[in-house]
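This is the structure I want to talk about, given as structure tokens.
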Amino acid sequence: MHPVIEDHARARLITDAPYHRSVPVALRYDMDEDPLAVCLVFPAGISPGDSENEWVLARTLLETGLSRPVETESGNVRVWPCGRVQAVLELHSPQGVAVIQFDRAPLLRFLRRTHSAASGADAPAVAPASGPAAGSTALPQLG
């Protein structure tokens, strides 16, 4: 059994409003559950149903999206760089679309930690960038 890696980042929900709401996001990697996936957990209060909202996506999708635009085969998750220090994550679900902006530094730090953990195990370190579609039961609200 391997320890779960967890880190935190601040994200900005991008909306049509004149201001952007900043929210904490938990970043998780559980090699025992899926060595090729990372999980982003948005807090209760910004999601329909007032519960945490978890999105699971291929680690390489997030990684690739920090340097060039990439999306899942289904198009329900898109990631692209925004300038030199930020990245944008676009999440699509039946409940709607959320656009979330992150600083790249905490994402890079988290991804380095996941690779360090995986390099010491018998886990594959690479998945296709168009890998598994992200899953969610809800979507962060835009307001």
Side-chain angles (χ1 to χ4, degrees), residues 1-48 51-93 95-143:
M1 178 177 273
H2 300 91
V4 173
I5 294 173
E6 184 165 327
D7 214 334
H8 296 86
R10 298 289 304 169
R12 286 165 295 288
L13 295 176
I14 307 302
T15 68
D16 292 338
Y19 62 91
H20 304 295
R21 182 175 175 193
S22 180
V23 296
V25 178
L27 310 168
R28 292 190 187 135
Y29 175 70
D30 186 343
M31 189 182 330
D32 294 329
E33 189 171 318
D34 186 346
L36 302 177
V38 294
C39 179
L40 284 68
V41 183
F42 297 90
I46 65 165
S47 301
S51 62
E52 281 189 341
N53 183 344
E54 183 175 294
W55 282 77
V56 177
L57 49 128
R59 181 173 54 172
T60 56
L61 179 79
L62 181 59
E63 205 164 45
T64 302
L66 296 180
S67 59
R68 65 178 173 82
V70 65
E71 66 182 70
T72 57
E73 288 179 20
S74 64
N76 63 344
V77 176
R78 295 181 178 123
V79 185
W80 65 89
C82 181
R84 300 174 83 185
V85 297
Q86 296 177 323
V88 175
L89 183 68
E90 184 178 292
L91 305 171
H92 296 252
S93 81
Q95 291 83 11
V97 177
V99 179
I100 303 133
Q101 187 176 44
F102 288 89
D103 287 337
R104 289 179 66 226
L107 298 178
L108 287 167
R109 180 181 60 237
F110 170 70
L111 289 167
R112 276 195 291 274
R113 290 180 64 204
T114 69
H115 281 288
S116 292
S119 68
D122 294 327
V126 182
S130 60
S136 175
T137 57
L139 186 77
Q141 293 177 351
L142 296 178

Worksheet item: Taking atom CZ of Arg28 and atom OG1 of Thr114, what is their separation to the nearest 0.5 Å?
Response: 15.0 Å
Fill in: Leu111 side, atom CG; Ser116 side, atom OG - distance, nearest 0.5 Å
11.0 Å
Item to complete: For residues Leu57 and Leu62, determine if any side-chain heavy atom of one lies less than 4.5 Å from a side-chain heavy atom of the other.
Response: yes
Item to complete: Write down the atom of His92, the atom of Val97, and the distance for their closest heavy-atom approach.
Response: ND1-CG2, 3.4 Å
Item to complete: Under the side-chain contact (heavy atoms from CB on, under 4.5 Å) rule, collect the residues that match up with Pro24, sequence neighbours excluded.
Response: Arg10, Pro43
Discussion item. Within the supplied structure, the quantity of interest is the number of heavy atoms (other residues, nucleotides, ligands) at a distance under 6.0 Å from Glu33 CD; does it exceed 12?
Written reply: no
Discussion item. For a quick test of reading the model, state the closest non-hydrogen atom pair linking Ile5 to Ala117 and the distance between them.
Written reply: CD1-CB, 3.4 Å
Worksheet entry | Side-chain heavy-atom pair Arg59, His115 within 4.5 angstrom cut-off | yes
Worksheet item: Hey, are the side chains of Arg21 and Thr15 touching, using non-hydrogen atoms and a 4.5 Å cut-off?
Response: no
Fill in: Heavy-atom donor-acceptor pair, Ser67 side chain to Thr64 backbone, under 3.5 Å
yes
Practice prompt. Would you please test Val85 and Arg104 for side-chain contact (heavy atoms from CB on, under 4.5 Å) and show each step?
Written response: CA-CA 5 Å; Val85 297; Arg104 289 179 66 226; 5.6 Å; no
Worksheet entry | Side chains of Phe42 and Leu91 in contact at under 4.5 Å (non-hydrogen atoms) | yes
Worksheet item: Distance-only, no hydrogens or angles: does the Arg12 side chain make a donor-acceptor pair with backbone N or O of Val99 under 3.5 Å?
Response: no
Response to the item:
For Val70 and Leu61, the nearest pair of non-hydrogen atoms, with its separation, is CG1-O, 3.4 Å
Practice prompt. Could you give me the CA-CA distance, side-chain angles and deciding distance for Ile14 and Val88, then say whether side-chain contact (heavy atoms from CB on, under 4.5 Å) is met?
Written response: CA-CA 9 Å; Ile14 307 302; Val88 175; 5.9 Å; no
Discussion item. Closer than 3.5 angstrom, by distance alone: can the side chain of Tyr29 be matched with the main-chain N or O of Leu36 as a donor-acceptor pair?
Written reply: no
Worksheet item: Of all residues at least two apart in sequence or in a different chain, which pass the side-chain contact (heavy atoms from CB on, under 4.5 Å) check with Arg112?
Response: Leu108, Arg109
Worksheet entry | Asp32: partners by side-chain contact (heavy atoms from CB on, under 4.5 Å), with sequence neighbours left out | Met1, His2, Asp30
Fill in: Nearest non-hydrogen partners of Ala9 and Leu27, listed with the distance
CB-CD1, 4.1 Å
Worksheet item: Of the non-hydrogen atoms in Ala26 and Glu6, which two are nearest, and what is the gap between them?
Response: CB-OE2, 4.0 Å
Practice prompt. Report yes if the side chains of Leu89 and Leu40 come closer than 4.5 Å at any heavy-atom pair, otherwise no.
Written response: yes
Response to the item:
In short, Ala11 meets Phe102 closest at the heavy-atom pair CB-CE2, 3.6 Å
